[in-house]
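Per chain, numbering begins at 1; letters A, B, ... match sequence-line order.
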Amino acid sequence: MRRRRDLGSLVFVDLRDREGIVQLVFSEDRHPEVFAAAKDLRPEFVIAVKGVVENRMPKDVNPHMATGAVEVEVSELEVLAQAETPPFAVEDESLVSEEMRLQYRYLDLRRPFQNARIVARHRLAQRTRNFLSGEGFIEIETPFLTKSTPEGARDFLVPSRLRPGTFYALPQSPQLFKQLCMVAGFDRYFQIVKCFRDEDLRADRQLEFTQIDIELSFPTEDLIMSLAERLTLELFAEAGVTAPEEVPRLTFAQAMDRYGCDKPDTRFGLELKTVSGIAAATGFGVFRGALEAGGCVRGLCVPGQAGMSRKQIEDLNAVVKPFGGKGVVSLMRKGGALAGAALKHIGEGPAEALLDAVGAGEGDVGLFVADAYDTACACLSALRLHFSKALNLVEAGRHDLLWVHRFPMFEWSPEEGRWSAKHHPFTMPAQEHWDLLESDPGKVEAQAYDLVLDGNEIGGGSLRIHRADIQKRVFRALGFSEASAQEKFGFLLDAFRYGTPPHGGIAFGFDRLTMLLLGCDSIRDVIPFPKTTSGLCLMTGSPGTVDEKQLEELAISLREKRPE
RNA sequence: GGGAUCGUAGCUCAGUUUGGUUAGAGCGCCGGCCUGUCACGUCGGAGGUCGCGGGUUCGAGCCCCGUCGGUCCCGCCA
């Protein structure tokens, strides 16, 4: 039960279940035998009642309540379980810190709106299963206790008792197994499956999370994209969210050029422009320095913001700082004249040209960042998002889906002094770039694609390498020796020797997608029992220490963590 | 690994700027009254290691150092 309203010789009780609420009436006149017991009812008691469902008198109807026209006149009452006063009211309206919600997660989940999110998640999962089954995919389970692989995220390790000193790893994704399903002739595979990555958490990242994992044989990029789009639209429909009419495709290079980001939010403009040519013609040291170092000058126009205060402009530097930006140069057209702190260094003529280049008219401000291309992109992308929030530029109810594809195959890792796979090492390089694998790995494009929803990556995949010779060349480009490739992935290379269909697939971040479709701000809201950003479960207290006996059985001895 | 921010009653918060008598509010809780409530009303009451540890001071919720925990971000997350 939810709440009791005691009017003396008349007691009302709201009775709640998963479906909703109904009002019970305990009347001293009509049922004195149960009336006394009703006085002792308290919130969260579990009760069973018998009574007659009656229409309320017209004046007593509650129009705000789905069941407000009826009530149950109770003649028998049994208290199945009493309840202590909960630490917070089990009501949608009660304000509770997330710490409390996570500590008493079962009470938080009991709240109708939170309960509904978990039910909605179930519906999305079921819709996924039905859709993919209908498309001829079969759900195949893959192991959680598997082998640690290099590349990618940190693994969670599970010690083996039967072979002391050895460890299983929990899968970062079922990637290798789904490819082996293709080798095994399953043709179309899917799975709604937990993945484990021992990395730092965020509002949209958990240590364990759920993917909709899909793989098929004899694919093309178009085939996979079209399948993924149809699945996504099914899920939009299930969630009751209006889907966008088209799903445009951008190459990675185009996305960086226009938005400075590989998962752009396209629901608002503020597109980026490169103005290096104009900037080079000025004597401005900030511009010259960046250009001489091989960088660029890029900018964007924020309409109608020429009136920003000096402090607001100053604060923009703080927006770009976390992304390695040194600062933002701003120019305004205000009252027919130019303004901006750097105007005197840039000069009126070049300033006009810069503002023209980003499309800034009267009342607008142009913001410019001079830096290495990647840094400039990151800073301007951050500025785009900053202004979209500050100026509320996203139209309510609008959702944009788009593909970003043809990612670079490799990115240079300065720490390790080698190339590393941007997607993963099993991604098929574009065929016309195979010759560059040895000569110029940085120019190789991958047949990989990400699906982006409102600036969030909700899915990503690729066509895979199905030929052992290409796979070996990619491993070599990544700096794996023949021996280490064989040791880590030998089973995959072996499998490829026995006839492997071309294959490819995609994986959706199911939690993240659910979060976005339900309009939640945190992935934790759609996960029944999530962990905090420091990886703790406040309800169970995990992770925890274990008995010496358990460690002994595993032949594990603990040692002090070495100071960094 | 780094940055920001928060931690005061069961819950949500004010009080910290400028150290000073007995730390407050709303909700909840407990008790009384109430026959049409549905955020019931009304009268009364209880309830505090100010996250924890140390320091400065005649005196610390308030200042300093450390630590634990929540949240957000950078790095990281193929």
If you count the non-hydrogen atoms of other residues, nucleotides and ligands that lie under 6.0 Å from CD in A:Glu84, is the total more than 12?
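Not more than 12 within 6.0 Å, no.
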
More than 12 heavy atoms of other groups within 6.0 Å of A:Lys311 NZ
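Incorrect, the count does not exceed 12.
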
Do [X] and [N] have a side chain to base donor-acceptor pair shorter than 3.5 Å?
| X | N | result |
| --- | --- | --- |
| A:Glu71 | B:rG36 | yes |
| A:Glu99 | B:rU71 | no |
| A:Arg56 | B:rC38 | yes |

[X] side chain to [Y] side chain, donor-acceptor N/O pair below 3.5 angstrom:
| X | Y | result |
| --- | --- | --- |
| A:Ser462 | A:Arg464 | yes |
| A:Ser173 | A:Gln211 | no |
| A:Arg111 | A:Gln114 | no |
| A:Glu482 | A:Gln486 | no |

With heavy atoms under 4.0 Å as the rule, sort [X] into base, sugar-phosphate or nothing.
| X | result |
| --- | --- |
| A:Glu457 | nothing |
| A:Ala89 | nothing |
| A:Pro425 | base |
| A:Ser534 | sugar-phosphate |
| A:Gln175 | base |
| A:Lys59 | sugar-phosphate |
| A:Arg30 | base |

Using side-chain hydrogen bond (donor to acceptor under 3.5 Å, both in side chains), reason through A:Arg3 and A:Gln23 one step at a time and then give a plain yes or no.
CA-CA 10 Å; A:Arg3 205 179 282 175; A:Gln23 176 168 277; over 6 Å; no

Return no unless some side-chain N or O of [X] is found under 4.0 Å from OP1 or OP2 of [N].
| X | N | result |
| --- | --- | --- |
| A:Thr532 | B:rG70 | yes |
| A:Arg5 | B:rU37 | no |
| A:Arg101 | B:rC11 | no |
| A:Ser94 | B:rC11 | no |
| A:Arg154 | B:rG1 | no |

Between A:Phe480 and A:Phe475, how do the two ring planes meet: parallel, tilted or perpendicular, split at 30° and 60°?
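Correct class here is parallel.
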
Is the distance between the ring centroids of A:Phe489 and A:Phe426 less than 6.0 Å?
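Distance test on ring centres: under 6.0 Å, yes.
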
Given atom [atom1] of [X] and atom [atom2] of [N], what is their separation to the nearest angstrom?
| X | N | atom1 | atom2 | answer |
| --- | --- | --- | --- | --- |
| A:Leu10 | B:rC38 | CG | P | 12 Å |
| A:Arg2 | B:rC38 | CZ | P | 12 Å |
| A:Asn456 | B:rC73 | CG | P | 11 Å |
| A:Phe45 | B:rC29 | CZ | P | 11 Å |
| A:Phe26 | B:rG36 | CZ | P | 18 Å |
| A:Phe323 | B:rG3 | CZ | C1' | 12 Å |
| A:Ile523 | B:rC73 | CD1 | P | 12 Å |
| A:Asp40 | B:rC30 | CG | C1' | 13 Å |

In residues 192-210 of chain A, what residues come within less than 4.0 Å of RNA chain B, judged by heavy atoms?
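Those residues are A:Arg197, A:Glu199, A:Asp200, A:Arg202, A:Ala203, A:Arg205.
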
Under 4.0 Å, heavy atom to any atom of RNA chain B: which of residues 461-470 of chain A qualify?
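None - not one residue of the stretch has a heavy atom sitting under 4.0 Å from the strand.
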
Between the protein and nucleotides 12-16 of chain B, which nitrogen or oxygen pairs come in under 3.5 angstrom?
| unit_1 | atom_1 | unit_2 | atom_2 | d |
| --- | --- | --- | --- | --- |
| B:rU12 | OP1 | A:Ser97 | N | 2.7 |
| B:rU12 | OP1 | A:Ser97 | OG | 2.7 |

Sub-4.5 Å side-chain heavy-atom contact between [X] and [Y]:
| X | Y | answer |
| --- | --- | --- |
| A:Gln471 | A:Leu493 | yes |
| A:Phe496 | A:Gln179 | yes |
| A:Phe508 | A:Leu451 | yes |
| A:Tyr104 | A:Pro86 | no |

Calculate, to the nearest 0.5 Å, the distance between atoms CG and CG belonging to A:Asp204 and A:Asp521 respectively.
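The CG atom of A:Asp204 sits 11.5 Å away from the CG atom of A:Asp521.
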
Is the aromatic ring centre of A:Phe12 closer than 5.5 Å to the centre of the six-membered base ring of B:rU37, with the two planes inclined by less than 30°?
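The ring of A:Phe12 is stacked on B:rU37.
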
Between B:rC52 and B:rC68, how many Å separate the two C1' atoms, rounded to a whole number?
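It works out to 7 Å between them.
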
